[in-house]
Amino acid sequence: MAMRIILIGPPGAGKGTQAASIIEKHPIIHISTGDILRENVRAGTELGQTAKRFMNAGQLVPDHLIIAMMRDRLAEDDAQNGFILDGFPRNVQQADALAPLLDDMSLRLDAVVLLEISDEAVVRRLEGRRVCSSCGMIYNVYSHPPKADDTCEACGGQVVRRADDQESVIRGRLDVYHKETAPLVEYYERSGLLHRVPADGGPDSALKYLESIGVSGK
Ligand code: ADP
Ligand code: ZN
């Protein structure tokens with residue numbers, strides 16, 4: 001069913017993990033701005049070269065670049081049956097830009113899910129996070145280490161630490177979240193779309209919650 005969902009939450013809240021469990025059950029796509037940007041960095045595109053500086057510093061990539069990127073992505077065929085947005089919008093300007101994009105396509109949002117987690121838990125999670133450089137599978141040195149050192153169990157790729165997952169940068173990303181992204185909570189509360197889900201309820205807590213409130217995208 002054509003669900004249209006936004007996931008909001010601080011870095012490390014598990015937006016990517018929750019999105020993965022939702023797309024297993026629903027024929028919609030997962031659009032992660034962080035993943036798209038990292039692909040651009042790897043491919044060395046113009047966008048990637050510009051974005052890299054901001055990302056490694058834990059700062060937001062300029063709005064006009066992100067908005068143009070999302071306008072293109074949402075216009076693609078596979079987005080027409082529904083989507084989960086992970087990492088966008090990330091501030092009020094981006095949310096203000098998203099609204100007319102959806103209106104133009106006569107699409108409406110079904111829900112905005114806020115994954116709630118404390119700053120201390122974020123630092124602990126991200127500091128231990130590792131990610132497969134080939135398939136994107138997420139590990140954690142404390143709670144879910146790869147069985148063989150640095151080797152992905154899913155694809156044999158190399159498991160690495162993201163450049164922005166070190167404590168000083170993590171603190172900066174949290175500051176950016178509280179300043180820039182947290183105002184979206186009130187923003188979407190006003191339109192009655194906001195739902196709060198604890199970030200420590202397991203990898204499918206957002207899916208279960210959405211099903212429990214009957215979000216089906218019809
Ligand atoms: P996390 O949620 O763990 O911080 P993401 O993968 O979502 O990680 O984002 C990584 C980085 O990519 C951000 O710190 C930021 O530099 C950039 N980025 C991602 N989405 C956006 C966005 N909507 N607007 C601006 N910058 C973004
Ligand atoms: Zn892998």
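As the structure lists them, so they are numbered: ligands from 1, and atoms in each ligand from 1. The figures here come from the full heavy-atom set of this structure, side chains too, leaving out hydrogens, waters and symmetry mates.
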Can you name the atoms of ligand 1, numbered from 1 with element, that are less than 4.0 Å from a heavy atom of Gln94? 22 (C), 23 (N), 24 (N), 25 (C)

Closest heavy-atom contact between Ile23 and Ile29? CG2-C, 4.1 Å

What closest approach, in Å, do Ala95 and Leu184 show between heavy atoms, and which atom pair accounts for it? CB-CD2, 3.6 Å

Thr33: numbered ligand 1 atoms lying under 4.0 Å from its heavy atoms: 19 (C), 20 (N), 21 (C), 23 (N)

For atom 18 (N) of ligand 1, which protein heavy atom lies nearest, and how many Å away is it? Leu37 CD1, 3.5 Å

Considering only the protein, which heavy-atom contact is closest to atom 1 (P) of ligand 1, and what is its distance? Arg173 NH2, 3.4 Å

Of the choices Met69, Arg38, Arg53, which has the non-hydrogen atom that lies closest to atom 6 (O) of ligand 1? Arg38

Do Val169 and Asp165 have side chains that approach each other closer than 4.5 Å (heavy atoms only, starting at C-beta)? no

Close N or O approach (Asp164, ligand 1; < 3.5 Å): no

Under 4.0 Å, heavy-atom basis, I'd like to know which part of Ile66 is in contact with ligand 1: side chain, backbone, both or neither. side chain

Among all the protein's non-hydrogen atoms, which is closest to atom 8 (O) of ligand 1, and how far away is it? Arg162 NH2, 3.1 Å

Is it true that a side-chain atom of Gln18 and a backbone atom of Gly202 form a donor plus acceptor pair closer than 3.5 Å? yes

Tell me, which protein residue and heavy-atom name are nearest atom 15 (C) of ligand 1, and how many Å apart are they? Gln59 O, 3.5 Å

Apply the side-chain contact (heavy atoms from CB on, under 4.5 Å) test between Tyr187 and each candidate in Asp96, Asn91, Ile8; give the one that qualifies. Asp96

Assess Arg129 for proximity to ligand 1: is some non-hydrogen atom of it under 4.0 Å away? yes

Determine whether Asp104 and Arg71 satisfy the following criterion, salt bridge (Lys or Arg N to Asp or Glu O under 4.0 Å), listing intermediate values before the conclusion. CA-CA 11 Å; Asp104 285 350; Arg71 184 183 299 125; over 6 Å; no

Less than 3.5 Å between some nitrogen or oxygen of Asp86 and one of ligand 1, yes or no? no

Does either side chain, that of Asp35 or that of His30, offer a donor lying less than 3.5 Å from an acceptor on the other one? no

Please walk me through it: do Glu127 and Arg161 pass salt bridge (Lys or Arg N to Asp or Glu O under 4.0 Å)? CA-CA 9 Å; Glu127 208 260 319; Arg161 188 174 186 152; 3.7 Å; yes

Short N/O distance, under 3.5 Å, between Val61 and ligand 1? yes

Contact check, Lys15 vs ligand 1, heavy-atom distance below 4.0 Å: yes

The Zn ion (ligand 2) as vertex, arms to SG of Cys132 and SG of Cys135: angle to 10°? 110°

Where is the tightest heavy-atom contact between Arg173 and Pro11, given as atom of each residue plus distance? NH2-CB, 3.5 Å

Considering both backbone and side-chain atoms of Gly87, is one of its nitrogen or oxygen atoms within less than 3.5 Å of a nitrogen or oxygen in ligand 1? yes

For atom 9 (O) of ligand 1, what is the closest protein heavy atom, and at what distance to 0.1 Å? Arg90 NH2, 3.5 Å

If I take atom NZ from residue Lys52 and atom OG1 from residue Thr45, how far apart are they, to the nearest 0.5 angstrom? 11.5 Å

